[in-house]
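These notes are about the structure you will find just below.
Sequence positions, counted from 1, serve as the residue numbers for this chain. Atoms within a ligand are numbered from 1 in the order they appear, just like the ligands themselves.
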Amino acid sequence: MTAPILRSLPDLRTMTAPWLRAGARIGVVPTMGALHDGHLSLVAAAKRDCDHVIVTIFVNPKQFNNPEDLANYPRTEDDDARKLARFEVDALWVPDCDQMYPGGFATNVSVSDLTDVMDGAHRPGHFDGVATVVTKLFTQTRATDAYFGEKDFQQLLVVRRLAADLDLGVTVHGCPTIRDIDGLALSSRNLLLSDRARTIAPRLHEEMEEIAKGLAHGEALAPLRERAVDRLLTAGFTKVDYLDLRSQSDLRSVTDTAQPARLFAAAYLAGVRLIDNIAV
Ligand code: PAF
């Protein structure tokens, strides 16, 4: 059975009020729709842990720094509802823009430091948009638990930081990246790749694995990185925004793997920006 789709805050509050009174665990899976197996793995984790589960679908204009990217973002609500049916979640929370940001809305949630690098540096305003909407989604749904993919690892750290800093009482769970058989990290943006670009896209993950292997054999980061960027550009990627080795706890730049580190990448292929990260 497909879950009820709620679009107004009073309806959502009516649903959650008895859960709150009962002290239930309320799991939220925030999404922008175009659901894939990565999202569904978050829903499965929430269903495992929580008494009630709400999946949110809201394409958040505040986190798009490029209007074309916002216009092209895939919107597949009916399909999304069908994909969720087998999980028997309690509700889909699908507010529209007026519900989320009514006239006069003037509040911004901004997390510092973690957002100075990578997507924070390349997409001005992006993480303020994410932090603002996630804070609202948490308070709207009265979540006790929230589920995010490690594919957006910087986002995961930002959300953990804001949940702790603002005493939101939400436990933020990070779930492993789900990949296609050829290694490409699942992402709603993959739907925007042409057939040809889709065959090239897994190169991003392959090159990251090559760097990880080189580091494990004691090779220096800089030449490994340079070779990987060259090969990506030769393969058809048009721009590499970053290919960085960073501390997994605070995203400080590192040059070796003496401490838990991750390799992070963002690159453009046929106008689509792909991101990925792996533990090294
Ligand atoms: O990861 C996403 O899909 C979005 O950034 C999120 C967390 C739903 C906020 O809009």
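Under the 4.0 Å criterion applied to side-chain N and carboxylate O atoms, Arg198 and Asp195 are not assigned as salt-bridge partners. Comment: Asp69 engages Arg189 in a salt bridge, judged by a side-chain N to carboxylate O separation of less than 4.0 angstrom. Salt-bridge annotation for Glu77 and Arg7: present, with a side-chain N of the basic residue lying under 4.0 Å from a carboxylate O of the acidic one. For the pair Arg231 and Glu206, the salt-bridge criterion is not met [side-chain N within less than 4.0 Å of a carboxylate O].
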Open item on the list: As a quick check of understanding, evaluate side-chain contact (heavy atoms from CB on, under 4.5 Å) for Val109 and Leu166, giving each step before the final call.
Closed with: CA-CA 10 Å; Val109 180; Leu166 299 179; 4.1 Å; yes

Open item on the list: Walk me through whether Lys47 and Tyr147 qualify under side-chain contact (heavy atoms from CB on, under 4.5 Å).
Closed with: CA-CA 11 Å; Lys47 282 290 291 185; Tyr147 295 79; over 6 Å; no

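Within the listing of ligand 1, atoms 8 (C) sit less than 4.0 angstrom from a heavy atom of Pro30. Residue Val133 approaches ligand 1 through these ligand atoms, each under 4.0 Å from one of its heavy atoms: 9 (C), 10 (O). Taking every heavy atom of Gln63 and a limit of under 4.0 angstrom, the matching atoms of ligand 1 come to 4 (C), 5 (O), 9 (C), 10 (O). Against a heavy-atom cut-off of under 4.0 Å, Met32 is close to the following atoms of ligand 1: 3 (O), 4 (C), 8 (C), 10 (O). Counting the atoms of ligand 1 from 1 in the order shown, those under 4.0 Å from a heavy atom of Phe148 are 7 (C).
Considering backbone and side-chain atoms alike, Gln155 places an N or O below 3.5 Å from some N or O of ligand 1.
Of the heavy atoms in Thr31, only backbone atoms (N, CA, C, O) come closer than 4.0 Å to ligand 1.
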